Chemist: 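Below are the structure tokens for one structure; questions will follow.
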Amino acid sequence: MLDKAYTPDAVEKKWSAAWKEGGAAKAAARDDGKRAYTIVIPPPNVTGALHIGHALNNTLQDVLIRWRKLCGEEACWVPGTDHGGIATQNVMEKQLKTQNMSRHALGRAAFLEKMREWTKQCQGTILGQLGRLGASLDMDRLAFTMDEPRARSVTHAFETLFKQGLIYRGERMVNWCVRCNTALSDIEVEYEERGGKLWHIRYPVAGQPGKFLVVATTRPETMLGDTAVAVNPEDARHKALVGKKVVLPLANREIPVVADAHVDAAFGTGALKVTPAHDPNDFEIWQRHKAEMGGPVRVIGYDGKMSAEAGAGFAGLSREKARDKAAADLEAAGLLEKIEDHRNSVGVCYRCQQVIEPLVSEQWFMRMEPLAEKALGALEEDKFRLWPDTWEGPYRDWLENIRDWCLSRQIWWGHRIPAWYCVFCDGDKVLVSWPGQEGVQTLKHLVQDDAIPLADVEARAESIHVSGLAKDSGALSRVKIQSAKPGPCGSCGGTDWFQDPDVLDTWFSSALWPLSVFGWPEETKDFKFFYPTSTLVTGYEILYLWVARMQMMGLHFTGKAPFADAVIHGIVRDKSGKKMSKSLGNVIDPLLMMDAHGTDAFRFSLTRQAYPGKDIPYAEQSIVGARNFANKVWNSSRFVQMNLPERPERPYASVLGRGAKPEPGWELADYWITAELHALSRRTAELMSRFEFAAAADAVYAFLWDQFCDWYIELAKIRLQGPDGAGKEAAREVLVGVLNETLKLLHPFMPFITEELYQALKPYTGEKARFLVEARVQPGKDGPYAVDPAPMAPVMEAVASIRALRSQLNVPPGLKLKVLYAGKGSRKEKDVVAQSAYVAHLARLESLEPAGGGRPAQSATAVAGELTFFVPLAGVIDFDKEKKRLMKEVEKLGAERTKLDGQLGNQAFVSRAPEAEVSRLRGRRAELQGQLGSLEDTLRALG
RNA sequence: GGGCCGUUAGCUCAGCGGUAGAGCGUCCGCCUUACACGCGGCAGGUCGGGGGUUCGAAUCCCUCACGGCCCACCA
């Protein structure tokens, strides 16, 4: 016998262990025609524990995987984690800082060793949490974006793209994070609107004392790197100055005035200071006017401080201090015309939120247009779909305006770029900050002149940058792109090779994930069977960073979209719609939720709110309803079990597909609930195919609770409490059968409790599967049935109206009533009367009999469909109350009749609306008329 | 500057062309031998404002207001 209430803990532990032991989540390449259904997990970064967003993401994937298994497909869910690049390195650096350590003090090798340890530990935490969630991941396939097989994929991809001319090295304006000390790609920059100032600065016109060109800028500190002032060529105010020179204040340098269409004459003063080294637009202006102005002057360094080129007095100051000083100096010189408040958006690092410094730097880049075209093509040809499709717009838009991808990062944690430089030929382009020495040394010098071993250079260097490679046309052809150290240099025969010190953007390996997890570029059996994968489930925040890039890489390398469907779910927010964050203190820990209310309840509460693309406002309260539902499932099974023989002679036959022919012992309720079950399984399949998780979960919930429990179980009690016989056996058969199939439909959402109950029912169902997930769901049939289930509707209506009468007149719940009915003998009435046993049982009646000729005195009245019920209640009820109740009812029905009369009297409606609609309303009108007549009669009788 | 999404019962949200729904909450009555994590019942919405299309609009179109998000080379 099952316990009175469901207690999740033991059940979850038991089945987690059993699934693991039995390999329930394993999938294998097959050649027996079974279809593959594949999902690769969005690999969580190894930055810590999983949050509720991960719980949602993985629950939805598990729902799909379990569903597809139940549908008979070879469903494979590949687990893994992501090394997480900057994010993870930041976590470790913070830890080191608390111990008064730094990565530089440790050195690269030791730091990486620490990172690997951390990764292992973190991966353990993550996998433990996924296990707790019930995620049926095939653990034999566990992958990590930086493990050896993935490194092979990454190197191969890099090498191939380089050969194809898609990866190149160039000196470009990049987004530099001065805190993380690395370049970032364009999409790793977030923009925040901030209040700032607009400084209007007078630049004296050369040779014309007292004459100024006033420029407006939000960043006065960068003026030290100005190489020109630009005005719009159409701007009459400044036309005369084009080609002339102005004196750059503070620096006392003459710079030209150039004409460029980029300048908006309406903004500020219409004159724009041009700082090519620190502003992307200015960089472009410089490229258009190289002949007229000098090259970029870098006044801000990688550390975010003013460089030597900024001049004495400024060098070494932070950007903020330099800004203040520039403003003060200008003021003192009388060159500051005015300061205005000005709001503008500034770029910040998506990992540390520090203000990004745009600066010119040499990096590895990837040309993206050719790949973006392929991704657009796949979308166009419907080989790739986004759910909901509202994401197609932004996705397409991004691809159409794609820019080259800055691939290199100046951090240590990541795939080291597989580019090798010959120390003899190109060692002079590798710049090393050497401890105890001013400025930089070249690698060539250190290795050849100072005879320091290459390995020691790498271990002891404070920083290593490569510069000048892109400008030396011969250098790139000498660079070797490969994973292992190359043999003798083709040019000089030297054997000293230095691997590029930078690592790849973490998203480069992520982009290859659906390929790399199956061993690509090797044509493994798994790769052939499971690639391309089926569905990707992820949040919209990484649509460009990850989804689009996987599409591009997958299509580029295999010609096939790496997944056909991307399900874009929302973000889990707090109850008031705010993003959860540690600093706001509004995070909900998934583990605590599972501890307190059970994993199934937690999963269900998330799934039930997972409407396509919608964010989920989540409060702990959300889970209570789901917990109650779990208990309802538990107790309905408990009830069924209690009513079964301890040892069945043989299992009950399945109810699937039954009901077309008369079944021994079956009656209306059996046909009805079977038909409803069939409809539910059809509906669930349809909703799942459209990734409508919330609606699917809700459909099962409503069926089990509102139909199976509230009506069918109650009706089954009539036979279960009666004598043995065909009827009782039929009730048992249907209870077991319907419950069993419902458990299957519910299993993807609530795996633990359904497993427990499915297993408990096995002696009665004869199910053979080891685990529920290995059982089969089947699409339900759509009638006809030997007994039409339709009469259940009027029966339910009759029950509801008598119950309402009882409740509203305060009839003692235990009092069994003798009820009389009257009608006109229509088909529908007969259907109800034929089920008077149902009505009597559910509405707690002693009897239900025809009223005969007259209307019984001293009775209350209820109408349902075409029937009127009289409940003789002399001495029990207050007839004033009954009168009021009836008047209210008359008023309500009367209002509906008035509305219908208006509609049916409208010639336009009658002639233009569909026939079925018109006759439906006419039918309702007739029914209302009868009900009203009946109620008014009663009112008259009551006086 | 461009684009997208939202505005429905006290709260959180479904519905998206044919008489307004759920969960939670409120209220009334029930320990009716599966479940008080339950059962039965009542109350509570002019579906953000305005205009249009339609026999008919919460549902389609236009417009406004208020939220939220995304993109963009807003000095």
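Naming convention: chains lettered A, B, ... in sequence-line order (proteins, then strands); numbering from 1 in each chain. Here the structure is a predicted model, which means the values were calculated and not measured.
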Chemist: Of all the nucleotides listed (B:rC5, B:rG23, B:rA75), which has the minimum atom distance to the side chain of A:Thr390?
Modeler: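 My answer, after comparing the listed nucleotides, is B:rC5.
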
Chemist: What is the separation between atom CD on A:Glu192 and atom P on B:rC74, rounded to the nearest whole Å?
Modeler: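 In whole Å, B:rC74 P and A:Glu192 CD are 16 Å from each other.
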
Chemist: Between A:Tyr544 and A:Trp398, what is the ring plane arrangement, given parallel below 30°, perpendicular above 60°, and tilted in between?
Modeler: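 Parallel.
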
Chemist: Mind running a 4.0 Å heavy-atom check of residues 704-714 of chain A against RNA chain B and sending the residues that fall below it, in number order?
Modeler: A:Trp705, A:Cys709, A:Asp710, A:Ile713, A:Glu714

Chemist: Tell me every residue that passes salt bridge (Lys or Arg N to Asp or Glu O under 4.0 Å) with A:Asp901, counting only those two or more places apart in sequence or in another chain.
Modeler: A:Arg925

Chemist: Tell me which nucleotide among B:rU19, B:rC37, B:rG41 gets nearest to the side chain of A:Ala800.
Modeler: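 The closest nucleotide is B:rG41.
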
Chemist: When you measure from the side chain of A:Thr218, which nucleotide among B:rG18, B:rA75, B:rU19 comes out closest?
Modeler: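 Between B:rG18, B:rA75, B:rU19, the one nearest the side chain of A:Thr218 would be B:rA75.
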
Chemist: Donor-acceptor pairs are to be reported for all side-chain atoms of residues 712-720 of chain A against protein atoms at under 3.5 Å, with residues two or more places apart or in another chain.
Modeler:
residue	atom	partner	partner atom	Å
A:Tyr712	OH	A:Asp670	OD1	2.4
A:Glu714	OE1	A:Lys717	NZ	3.2
A:Glu714	OE2	A:Lys717	NZ	3.2
A:Arg719	NE	A:Glu667	OE2	3.4
A:Arg719	NH1	A:Gly665	O	3.4
A:Arg719	NH1	A:Asp670	OD2	2.9
A:Arg719	NH1	A:Gly727	O	3.4
A:Arg719	NH2	A:Asp670	OD1	2.9
A:Arg719	NH2	A:Asp670	OD2	3.0

Chemist: Between the protein and nucleotides 28-33 of chain B, which nitrogen or oxygen pairs come in under 3.5 angstrom?
Modeler:
residue	atom	partner	partner atom	Å
B:rU32	O2'	A:Arg844	NH2	3.2

Chemist: Describe the nucleic acid contact of A:Val274 in one word from base, sugar-phosphate, nothing, applying a heavy-atom distance below 4.0 Å.
Modeler: nothing

Chemist: From the set B:rU19, B:rA22, B:rG41, return the single nucleotide nearest to any side-chain atom of A:Arg608.
Modeler: B:rA22

Chemist: Tell me what A:Lys899 touches on the nucleic acid: a base, only sugar-phosphate, or nothing, going by heavy atoms under 4.0 Å.
Modeler: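 Sugar-phosphate contact only - A:Lys899 comes under 4.0 Å of backbone atoms but never of a base.
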
Chemist: Starting the side chain at C-beta, find the nucleotide from B:rC74, B:rG18, B:rC42 nearest to A:Pro914.
Modeler: B:rG18

Chemist: Over how many whole Å does the gap from A:Tyr191 atom OH to B:rC70 atom C1' extend?
Modeler: 13 Å

Chemist: With sequence neighbours left out, what residues match A:Phe703 under ring-ring contact (aromatic ring centres under 6.0 Å, His included)?
Modeler: none

Chemist: Tell me what A:Arg194 touches on the nucleic acid: a base, only sugar-phosphate, or nothing, going by heavy atoms under 4.0 Å.
Modeler: nothing

Chemist: Any donor-acceptor pair, under 3.5 Å, between the side chain of A:Arg627 and the base of B:rC37, if you only look at N and O atoms?
Modeler: yes

Chemist: Does NZ or CZ of A:Arg608 fall inside the cone over A:Trp705's six-membered ring, less than 6.0 Å from its centre and within 45° of the axis?
Modeler: no

Chemist: If the cut-off is 4.0 Å, is A:Asn635 near the phosphate of B:rG38, judged by side-chain N/O to OP1 or OP2?
Modeler: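 Looking at the OP1 and OP2 atoms of B:rG38, neither is under 4.0 Å from any side-chain N or O of A:Asn635.
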
Chemist: Just jot down the side-chain hydrogen bond (donor to acceptor under 3.5 Å, both in side chains) partners of A:Tyr618, sequence neighbours excluded, or say none.
Modeler: A:Ser605

Chemist: For A:Gln621, which contact category applies under a 4.0 Å heavy-atom criterion: base, sugar-phosphate, or nothing?
Modeler: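 Here A:Gln621 touches the backbone only, sparing every base.
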
Chemist: Under 3.5 Å, side-chain donor or acceptor atoms of residues 626-636 of chain A against the rest of the protein: list the pairs with distances, not counting sequence neighbours.
Modeler:
residue	atom	partner	partner atom	Å
A:Asn631	OD1	A:Asn635	ND2	3.3
A:Trp634	NE1	A:Asp3	O	2.8
A:Asn635	OD1	A:Arg638	NH1	3.3
A:Asn635	ND2	A:Lys4	O	3.2
A:Asn635	ND2	A:Asn631	O	3.2
A:Ser636	OG	A:Lys632	O	3.1
A:Ser636	OG	A:Val633	O	2.8

Chemist: With the criterion being N/O to N/O and under 3.5 Å, what pairs connect the protein with nucleotides 9-13 of chain B, and how long is each?
Modeler:
residue	atom	partner	partner atom	Å
B:rC11	O2'	A:Lys575	NZ	3.3

Chemist: Ignoring hydrogens and angles, are the base of B:rC74 and the side chain of A:Ser345 linked by a donor-acceptor pair under 3.5 Å?
Modeler: yes

Chemist: Using the test salt bridge (Lys or Arg N to Asp or Glu O under 4.0 Å), find all partners of A:Glu190 that sit at least two apart in sequence or belong to another chain.
Modeler: none

Chemist: Determine the interatomic distance between P on B:rG48 and the same-named atom on B:rG10; round to the nearest Å.
Modeler: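 To the nearest whole Å, 13 Å.
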
Chemist: Measuring only the P atom in each nucleotide, how far is B:rC16 from B:rA58? A whole number of Å is fine.
Modeler: 15 Å

Chemist: Cation-pi between A:Arg396 and A:Trp391: NZ/CZ under 6.0 Å from ring centre and within 45° of the ring axis?
Modeler: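 Not flagged: A:Arg396 not positioned over aromatic ring of A:Trp391.
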
Chemist: Test of understanding: with side-chain hydrogen bond (donor to acceptor under 3.5 Å, both in side chains), list the residues that count as partners of A:Glu284, not counting sequence neighbours.
Modeler: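 A:Glu284 satisfies side-chain hydrogen bond (donor to acceptor under 3.5 Å, both in side chains) with no residue once adjacent residues are dropped.
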
Chemist: Counting the atoms with a prime plus P, OP1 and OP2 as sugar-phosphate, which does A:Arg803 contact under 4.0 Å by heavy atoms, base, sugar-phosphate, or nothing?
Modeler: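 Sugar-phosphate only.
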
Chemist: Taking it one step at a time, do A:Lys899 and A:Glu896 satisfy side-chain contact (heavy atoms from CB on, under 4.5 Å)?
Modeler: CA-CA 5 Å; A:Lys899 194 176 167 184; A:Glu896 194 185 338; 5.6 Å; no

Chemist: Taking donor-acceptor contacts at under 3.5 Å, does the side chain of A:Lys4 reach the base of B:rC35?
Modeler: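 No.
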
Chemist: Using a 4.0 Å heavy-atom cut-off across all strands, classify A:Ser636 as base, sugar-phosphate, or nothing.
Modeler: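 If one applies the 4.0 Å heavy-atom cut-off, A:Ser636 turns out to touch a base.
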
Chemist: Where each pair must be Watson-Crick or G-U wobble with both distances under 3.5 Å, what dot-bracket representation of RNA chain B is obtained, with crossing pairs in [ ] and other-strand partners as |?
Modeler: ((((((((.[[[[.)..(..]]]]..((((.......))))......[[[[[..)....]]]]])))))))....

Chemist: Could you tell me if A:Lys575 and A:Ser622 have a donor-acceptor pair between their side chains, going purely by distance under 3.5 Å?
Modeler: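 The criterion, which ignores hydrogens and geometry beyond distance, is not satisfied for A:Lys575 and A:Ser622.
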
Chemist: Partners of A:Asp186 by salt bridge (Lys or Arg N to Asp or Glu O under 4.0 Å), sequence neighbours excluded?
Modeler: A:Arg403

Chemist: Contact class for A:Ala271 vs. all strands (heavy atom < 4.0 Å): base, sugar-phosphate, or nothing?
Modeler: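 Counting heavy atoms under 4.0 Å across all strands, the contact made by A:Ala271 includes a base.
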
